[in-house]
Amino acid sequence: MENNAVLAVEAHGLVKTFGRNRAVDGVSLSVPTGSICGVLGPNGAGKTTTINMLATLSKPDAGNVKIFGYDVLRETHIVRQLIGLTGQFASIDEELTAFQNLTIFGRLYGYSCKDSKRKANELLEEFGLGDAMGRSLSKFSGGMRRRLDLAVSLIARPPLIFLDEPTTGLDPRTRTQMWRTIRDLVKGGSTVLLTTQYLDEADQLADDIVLIDRGRVVANDTPDGLKRSVGSSSLHLTVKNADNAADAARITECVLCARVRLAKASELTAPMDDIGKLTDVLTALKDAGITLSWINIFQPTLDEVFFALTGEGSKDKKEENQNG
Amino acid sequence: MADTIVIPASERKLKNRVGVGRTISSISTFAYRALLKMFKNPEIFVDFVVLPVMFTLLFAFLFGGAISGDVRSYLPIVIPGVLLQASFTNCTTAGTKLREDVDKGTTSRFKSMPIAQIAPLAGSLIADLVRYVTGGITVFTMGYILGYRPEAGVHAVVFSILFMMLVAWCLSWVFAFISMCTKTISTASAIGVVVMFPLVFLSNAFVPAETMPDRLRFFVLRINPLSRVVTTVRRLLTYGAIGADFWFTLFGALAILAVFIPLTLYAYKRKA
């Protein structure tokens, strides 16, 4: 029991179907207290459906969820006291001011009038919205709204915070601000589970990444672990004459025994397990009379993990459909 | 900044149910929220101030002469009628604000919070009481201006407004339920109009039932429950007395409330 209590989220075999569509199909994940877990996946992968089940919004058709050891279905009210949810929806009222929004939520979380006002002021200062507190929300920018939305879920200082795509649609500056805020939350002792479609976001923030595609977990590892799983590094080549690109791709594929992607007309990338094979590639290309204008070896990015793991998946799906 | 330190889950004292005190306080917070929003959108005052004024004037001057000989003697008939129409038209829109919250996703946030699930619903509908009272006061003020002096005096007027408020409020749960079941808000409002409009006009609200053809009179007096409401209010205002109609309406309204609170809550939970 003691060990279980350490896990902020523990989900086993979650299933949710909408009609004939299995939106979530057997997702299991666990998040240790005090960490950031990034649920990463393309649009429609089942990220929001998963987070909704974890945050008591919808009941799973199968599977079970424990939040800090409390069962989501049986001890729903306790779980709700431990979580804060910032969804993709606008949970704040356009017609009201930022201050009014926060005090109303403060009252709902059980604080007295005075305390909710104090908390509202504190949070507005903390989120850099102090100057805008009396302004109507219709004059708020997207980033300000997002911050206010997050501020609302922090009123009760919950130990677990769910963030559903916290930075979608934000400009790079507000996005970095949001990242800083999320890191500060964890420093303050919170656990964060966030969904994102951005690989760099997961890479930047998450201690663990759960990669979801079509309702299934395709990978679950640390960002570094995931990168290692697709190969230690990747080779980027640019050929001088774009006409030779296809030949170069074929030759490289032969030598490395790996799939080569054509990034642009004259640029190709390939995963490379063994740096020693670099000379073989270069020799083979030279023998074929192909000249290179640029060459580089990159540490793998999550993009490659993403394409490697979900790209294959969508091919399977097409075959399934053709067979079915 | 001691507040920024998060208390770990294991050190919190937690109960798996909501207390009555917290529920009442959440309901009043939601009512406060709905009122704040109501006063931010002054155009909705059209529904419960401008329309009652318009209808009182319209009916009084259009039908007054034809039905009662002159405007003044028509007022005891038409004022309770307009009161009914104003209150019941307002209650058909009871669910729209709630439905907006559902559609925008605000309710998802409420649902994830440690509050009673009925609080957003009850709070929003309770805030509507303001609309019924404002509507009622408007109707009687118009009546007073036109020369209407109810025999039973001011306390009968106050009692009538409160009675109509209660009945309309109970009925508003039906429309809140409908608005949670339809695909869009506009479908729900359309159903409200289609149901309420004929019921209001096929009652004794504006015209005494005695002049109607037999079959229609049977429907108006025996089947349409709205006639009972109007009769109750007329009796109150004229004699200051309550009769069988009063109890019929009161228990009918409470029965509707008892059935539709759980139904509406169920539909609301499913939708959110």
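Here is the naming used below: chain letters follow the sequence lines, and residue numbers restart at 1 for every chain.
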Measure the spacing between [atom1] of [X] and [atom2] of [Y] and express it to the nearest 0.5 Å.
X      : Y      : atom1 : atom2 : value
A/I104 : B/S26  : CD1   : OG    : 12.5 Å
A/L82  : B/L14  : CG    : CG    : 5.0 Å
A/H77  : B/I115 : NE2   : CD1   : 9.5 Å
B/F30  : A/L108 : CZ    : CG    : 4.5 Å

Which bit of [X] is near chain B, if near means a heavy-atom gap under 4.5 Å: side chain, backbone, both or neither?
X      : value
A/T103 : neither
A/D149 : both
A/Y109 : both
A/Q100 : side chain
A/V152 : both

| said: Here's one to test your reading of the geometry: is the NZ or CZ of B/R109 within 45 degrees of the ring axis of A/F105 and under 6.0 Å from its centre? | reply: yes
Minimal heavy-atom distance between A/Q81 and B/P114, with the atoms involved, is CG-CB, 3.4 Å
Heavy atoms of A/A55 and B/S112 approach each other most closely as O-CB, 3.9 Å
> Does the side chain of A/I92 come within less than 4.5 Å of B/T106's, by heavy atoms?
Replying inline: no
Less than 4.5 Å apart, side chain to side chain, heavy atoms only: is that true for B/N41 and A/E95? yes
Scored by heavy-atom pairs under 4.5 Å with chain B, the best of A/T56, A/L57, A/T86 is A/L57
From the list A/E94, A/E75, A/Q88, the residue making the most non-hydrogen contacts under 4.5 Å with chain B is A/E75
Practice prompt. Check for a donor-acceptor pair, side chain of B/N16 on one end and backbone N or O of A/R74 on the other, with a separation under 3.5 Å.
Written response: yes
Ignoring hydrogens and angles, tell me if any N or O in the side chain of A/R80 forms a donor-acceptor pair with the backbone of B/K111 under 3.5 Å.
yes
Whatever's closer than 4.5 Å to a heavy atom in chain A on B/Q117 counts as side chain
Paired with A/D93, the salt bridge (charged side-chain N to carboxylate O under 4.0 Å, His left out) test is passed by just one of B/K40, B/R33, B/K97, namely B/R33
Most heavy-atom pairs under 4.5 Å with chain A, out of B/G105, B/S25, B/S28, B/G21, belong to B/G105
Scored by heavy-atom pairs under 4.5 Å with chain A, the best of B/M113, B/K269, B/K104 is B/M113
Within a reach of under 6.0 Å around NZ of A/K59, are more than 12 heavy atoms found that belong to other residues, nucleotides or ligands? no
